[in-house]
Amino acid sequence: MLQQASIKTIVIIGTGNLASQLAPALAQKGFTIRALYGRTASSVNKLAALVNTTGVTELDLIPNQADAYLFCLSDDAIPGIAMKLSHCKGIFIHTAGSLNINIFKKLSDHAAVLYPLQTINANKKSNFSNLPFCIEASSVQVLKTIHELASCLSSTVIELTSEERLKIHLSAVFVSNFSNHMYTLASEYLQQNNLSFELLHPLLLETANRAIEIGPKASQTGPARRCDKKTIRKHIKCLAEYPQMQKIYEEVTTSIQTEYK
């Protein structure tokens, strides 16, 4: 049973992928969403109606009294918006993986980070209950409060420094973003050669499962791992008309061979 946090009222700033999932999740846990800010009326009003709150498109209309201000914005946008809300009383919380907590240092004595370690999409409902939430705070008391809040959403809450969180975020880029780019390249290559990416679905799932079950290093297979130079040359030749893919293939092959010597 997830515990109830000492935070009761929250202002959510942003209407993107994360805000679209966190706002309903927090509302369902009994938190009061005091207001919801976004740049466009259509997106603000749609999400605000979903969580039974007031949607605003002007920063001046954001209530200056709330227990927490949750910034669900891009890394570049957070400092500027937060600066304009420095008069607000409450804990300033950002949700970014690579942003230092010190961005709030001159704006509020009460600052925290609530970073869900997952790729979030507005059109796919997220189940936060088992997601790792990485937290950080400006003081012991705020840390206790943000831990309580995170525990209302998930059973997995991890305290990390900004430096540790940045390293986790970087690793997540390799695991998720870079891997997905490889899927894109493979899909486009197959499409251009009148073949279906669906043929790779079972392999994609098996590769991910094996990496989880026995670890990525132990589960590595393929011509680079075997040092199968004959097959590698064939692959490079197949990519003669795709110089960017050819370059990636060669660099990743070298990286795998270096890893396994």
Side-chain angles (χ1 to χ4, degrees), residues 7-29 31-108 110-128 131 133-136 138 146 149-150 152-153 162 165-166 169 172-173 176-177 180:
I7 289 175
K8 305 295 183 184
T9 60
I10 302 174
V11 171
I12 295 180
I13 301 152
T15 57
N17 288 323
L18 183 55
S20 296
Q21 297 295 325
L22 265 182
L26 289 167
Q28 288 170 10
K29 292 296 181 181
F31 295 93
T32 298
I33 310 301
R34 282 286 311 277
L36 180 74
Y37 167 81
R39 290 179 298 176
T40 61
S42 57
S43 59
V44 168
N45 293 336
K46 181 179 179 180
L47 185 55
L50 191 62
V51 296
N52 192 30
T53 192
T54 301
V56 299
T57 56
E58 300 292 335
L59 292 173
D60 293 343
L61 298 178
I62 291 178
N64 59 14
Q65 295 286 341
D67 294 329
Y69 293 80
L70 188 60
F71 293 81
C72 301
L73 302 168
S74 68
D75 291 14
D76 290 341
I78 292 174
I81 297 293
M83 182 73 71
K84 296 176 181 178
L85 298 178
S86 59
H87 62 285
C88 294
K89 307 301 180 183
I91 301 173
F92 278 27
I93 308 169
H94 81 64
T95 56
S98 60
L99 207 58
N100 198 294
I101 193 174
N102 288 338
I103 64 159
F104 293 140
K105 191 171 184 179
K106 295 181 179 180
L107 306 178
S108 174
H110 309 294
V113 177
L114 181 71
Y115 168 55
L117 189 53
Q118 180 60 285
T119 179
I120 307 294
N121 189 294
N123 299 316
K124 182 180 180 181
K125 185 176 181 180
S126 295
N127 179 6
F128 291 113
L131 291 187
F133 272 80
C134 306
I135 63 169
E136 185 179 8
S138 58
I146 199 65
L149 173 62
C152 290
L153 295 168
S162 290
R165 180 165 32 83
L166 176 59
H169 186 263
V173 168
S176 178
N177 307 135
N180 192 74

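Predicted model only: the values in this text are computed from it and were never measured. Just so you know, these numbers use all the heavy atoms, side chains as well, and skip hydrogens, waters and symmetry mates.
- Interatomic distance, Ile146 CD1 to Ile91 CD1, rounded to the nearest 0.5 Å: 6.5 Å.
- Across all non-hydrogen atoms, the minimal contact from Ala150 to Phe133 is CB-CB, 4.3 Å.
- The ring-ring contact (aromatic ring centres under 6.0 Å, His included) analysis of residues 34-69, with sequence neighbours excluded, yields the pairs Tyr69-Phe92.
- Ile78 places a side-chain heavy atom less than 4.5 Å from the side chain of Phe104.
- Atom NZ of residue Lys29 and atom CZ of residue Phe128 lie 11.0 Å apart, to the nearest 0.5 angstrom.
- Nearest approach of Thr15 to Ser43, heavy atoms of both residues: OG1-OG, 3.4 Å.
- For the side chain to side chain contact (heavy atoms under 4.5 Å, CB included) with Phe71, the lone residue among Ile103, Leu85, Ile12, Leu99 that qualifies is Leu85.
- Annotation: side chain to side chain donor-acceptor pair (under 3.5 Å) contacts of Asn102 (sequence neighbours excluded): Asn100.
- Taking the side-chain contact (heavy atoms from CB on, under 4.5 Å) definition, one finds that Thr95 meets it with Leu18, Leu22, Leu70, Cys72, sequence neighbours left out.
- In plain terms, the two heavy atoms of Ala96 and Tyr115 that are nearest each other are C-CD1, 3.9 Å.
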Determine all donor-acceptor pairs shorter than 3.5 Å in which one atom belongs to a side chain in residues 47-58; sequence neighbours excluded.
from, atom 1, to, atom 2, distance (Å)
Thr53, OG1, Ile33, O, 2.5
Thr53, OG1, Arg34, O, 3.2
Thr53, OG1, Ala35, N, 3.4

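- Taking CZ of Arg165 as the start and CD1 of Ile135 as the end, the distance is 11.0 Å to the nearest 0.5 Å.
- The shortest heavy-atom contact between Gly14 and Leu73 is CA-CD2, 3.7 Å.
- With sequence neighbours excluded, the residues satisfying side-chain contact (heavy atoms from CB on, under 4.5 Å) with Asp67 are Ile7, Lys8, Thr9.
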Which atom pairs, donor and acceptor, lie under 3.5 Å between side-chain atoms of residues 118-126 and protein residues at least two apart or in another chain?
from, atom 1, to, atom 2, distance (Å)
Asn121, OD1, Asn123, N, 2.7

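- Shown here are the side chain to side chain donor-acceptor pair (under 3.5 Å) partners of Asn127, two or more places apart in sequence or in another chain: Ser129.
- Under the side chain to side chain donor-acceptor pair (under 3.5 Å) criterion, no residue pair touches residues 81-93, with sequence neighbours excluded.
- Shortest non-hydrogen contact noted between Val11 and Pro63 is CG2-CD, 4.3 Å.
- Here Asp75 pairs with Ser98 under the side chain to side chain donor-acceptor pair (under 3.5 Å) rule; sequence neighbours left out.
- Summarising the geometry of Ser162 relative to Glu136, their closest heavy-atom pair is OG-OE1, 2.8 Å, with the distance given to 0.1 Å.
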